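Below, all heavy atoms of this structure are taken into account, side chains as well, without hydrogens, waters or symmetry copies. Throughout, a chain's letter reflects where its sequence line sits, starting with A, and its residues are numbered from 1. Just so you know, these numbers come straight off a predicted model, no measurement behind them.
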Amino acid sequence: MNERSEVAKRAAQAYRTLAELAETVEDEWVYVNDLAEAYLPAIESLEDGDTLPPGAAIAVDEAIAEIALITDPHKAIDWLSTFPHLVALALGGDVDGPGGGEGGAGRLDGHEDDDLGGDSPFRVLLGGRK
Amino acid sequence: MRFQDAARDARAVVYAGIQADPLVARVAALLVDASPAERWMARAVMNGERTDAGTWRRIFPTVFPEGASASAGAEELLAGSLEVANRGEAARSQYRGAIVEELTARLLASRPSAGVAGPVKRERRVLFDGVPAEIHPYDVTVESPDRPEVYDCKWGSRGINADVLNQLDDARSHAADEEISVRVAIVVFDARRSCQIRLDRSTANRSGTRLVALEDMNDLRETRR
């Protein structure tokens, strides 16, 4: 196992632990699990890639140490969306997943108007339906 | 459709004090010109447990490369973010919210068309004839007579909820009743993916509402066509 793979595995394990803490907020159980379901494979996928950039392993281990300090499950929820992006920044790569990183133009109802052309500065709110 | 200053209750007065704190303006000004990595850094530090700069420099080697100098803006942003973190748990959440609002207003005001398109204002209600006024004001508005815009700002994706989405959609639909095309958007200083995940579970009508996530903040600089 190469260093990159080991670092990504440590990050994924830390993320699982963070998610376990976060899911103790009963009202957010579904959201927490949705986040984990999306981000965990994304973190794991960072195992594949180029040689680690300078400082990457230290960065990820420091980020892991940071989330290990969290005891408040509400704070843990905040970090469920942040931690994967820190890991991706350090290792080089992205955790946006299929369809998550492209943004896009146009409204959810499928109509284009003069307000939302193809180069619209705004991203659509995915998940809406006609 | 018309805009109006929000009535100030006691909570609003306290929050106005935070909005007026020079720290909010300083951090927001630094975020305007920050890179995406620097914005992630600011979010992490202001959410973080540790408040020593060295730790955060090590977590962000792309912002603070080993053996090389970071940009002055990055160091200042780190320092400002740590000041927010050091305000304590209760205060920092209010500071973070105020910073997102200020950042949004500054990006909108930096458009080439700023001033021509209409003033950028804060804490404004939107009124429609024959429609009961919403209690909560919109965080940021661009008050163009013919192409107005209203924005609600959130620090994290968890702030996205049905009430916010419904209020934005109501503004859009009531304006449409008056044949005014109003842009409604929610600005969230969090990962786009996490916002989308949050939205996927919402049943609120949001088909005409736009999302501006952390990765998209610079898009606010672009003039509405």
Side-chain angles (χ1 to χ4, degrees), chain A residues 28 30-31 34-35 37-39 42 53-56 58-63 65-72 74-75 77-86 89-90 92 95-97 99-101 103 107-110 113-117 119-130, chain B residues 36-37 40-41 43-44 47-50 54-67 89 147 155-158 160 165 181 183 185-186 190-202 204-216 218-225:
Chain A
E28 298 289 4
V30 171
Y31 176 54
D34 285 349
L35 286 172
E37 197 172 296
Y39 277 120
I58 292 170
V60 173
D61 284 339
E62 285 281 17
E66 175 66 22
I67 62 172
L69 294 171
I70 297 169
T71 55
D72 177 351
H74 295 277
K75 277 189 161 188
I77 295 175
D78 286 338
W79 274 92
L80 284 176
S81 60
T82 304
F83 178 78
H85 292 271
L86 270 55
L89 275 172
V95 287
D96 286 324
R107 294 193 324 217
L108 288 180
D109 58 10
D113 57 25
D114 64 340
D115 190 23
L116 281 169
D119 60 349
S120 165
F122 288 83
R123 310 299 183 190
V124 294
L125 293 167
L126 296 186
R129 301 291 180 264
K130 283 184 183 181
Chain B
W40 278 116
M41 183 265 292
R43 176 175 168 76
N47 271 355
E49 298 290 318
R50 289 177 290 182
T55 293
W56 294 104
R57 289 194 192 99
R58 288 191 293 278
I59 291 177
F60 289 91
T62 55
V63 177
F64 302 99
E66 199 176 341
E89 283 306 319
R147 300 177 76 74
W155 173 258
S157 50
R158 210 175 158 199
I160 300 172
L165 294 172
S181 168
R183 168 176 279 170
I186 184 165
D190 203 344
R192 186 189 311 127
R193 190 172 199 186
S194 68
C195 297
Q196 290 162 347
I197 288 167
R198 186 78 173 175
L199 288 162
D200 280 347
R201 294 284 184 179
S202 173
N205 188 359
R206 58 189 188 280
S207 59
T209 304
R210 288 127 180 107
L211 166 68
V212 183
L214 185 147
E215 298 94 324
D216 314 316
N218 285 349
D219 297 346
L220 290 168
R221 295 180 198 262
E222 297 185 24
T223 300
R224 183 185 178 194
R225 292 180 298 152

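- In this structure, the separation between CD1 on B:I160 and OH on A:Y31 is 7.0 Å, given to the nearest 0.5 Å.
- Looking at A:E28, the atoms closer than 4.5 Å to chain B (heavy atoms on both sides) all sit in the side chain, from C-beta outward.
- No side-chain donor-acceptor contact under 3.5 Å links B:R43 and A:H85.
- Taking CG from A:D96 and CD from B:Q196, the interatomic distance works out to 8.0 Å, rounded to the nearest 0.5 Å.
- Heavy atoms closer than 4.5 Å to chain B are found in both the backbone and the side chain of A:L89.
- The contact between A:A65 and chain B is made by backbone and side chain atoms together, counting heavy-atom distances below 4.5 Å.
- Put simply, of B:A44, B:S157, B:C195, B:G67, the one with the most heavy-atom pairs under 4.5 Å next to chain A is B:A44.
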For this session: Starting from the C-alpha separation in whole Å, work towards a yes-or-no answer on side chain to side chain contact (heavy atoms under 4.5 Å, CB included) for B:W56 and A:E62.
Result: CA-CA 8 Å; B:W56 294 104; A:E62 285 281 17; over 6 Å; no
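- No salt bridge links B:R158 with A:D78; every basic N to acidic carboxylate O contact stays at or beyond 4.0 Å.
- Only the backbone of A:V95 comes within contact range of chain B, with at least one heavy atom under 4.5 Å from a heavy atom of that chain.
- The two residues B:P61 and A:A59 have their closest heavy-atom pair at CD-CB, 3.5 Å.
- For the set B:E89, B:R221, B:E66, B:R198, the entry with the most heavy-atom pairs within less than 4.5 Å of chain A is B:R198.
- Both the backbone and the side chain of B:R50 have a heavy atom closer than 4.5 Å to some heavy atom of chain A.
- With chain B as the partner, the residue from A:A63, A:P54, A:A38 showing the most heavy-atom pairs under 4.5 Å is A:A38.
- Interatomic distance, A:I70 CD1 to B:E49 CD, rounded to the nearest 0.5 Å: 5.5 Å.
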For this session: Check the pair B:S194, A:L80 against side chain to side chain contact (heavy atoms under 4.5 Å, CB included), reporting the backbone distance first and the verdict last.
Result: CA-CA 9 Å; B:S194 68; A:L80 284 176; over 6 Å; no
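- For B:D190, the part sitting under 4.5 Å from any heavy atom of chain A is the side chain, from C-beta outward, and nothing else.
- Heavy atoms closer than 4.5 Å to chain A are found nowhere in B:W155, neither backbone nor side chain.
- Taking both residues in full, the closest heavy atoms of B:R193 and A:A42 are given as NH1-CB, 3.9 Å, listed atom of the first, atom of the second, then distance.
- Put simply, the side chain of A:L86 reaches to within 4.5 Å of the side chain of B:I59, judged on heavy atoms.
- Here the CG atom belonging to A:L35 is positioned 4.5 Å from the CD1 atom belonging to B:I197, to the nearest 0.5 angstrom.
- With hydrogens and angles ignored, the 3.5 Å screen pairs a side-chain donor or acceptor of A:W79 with a backbone N or O of B:N47.
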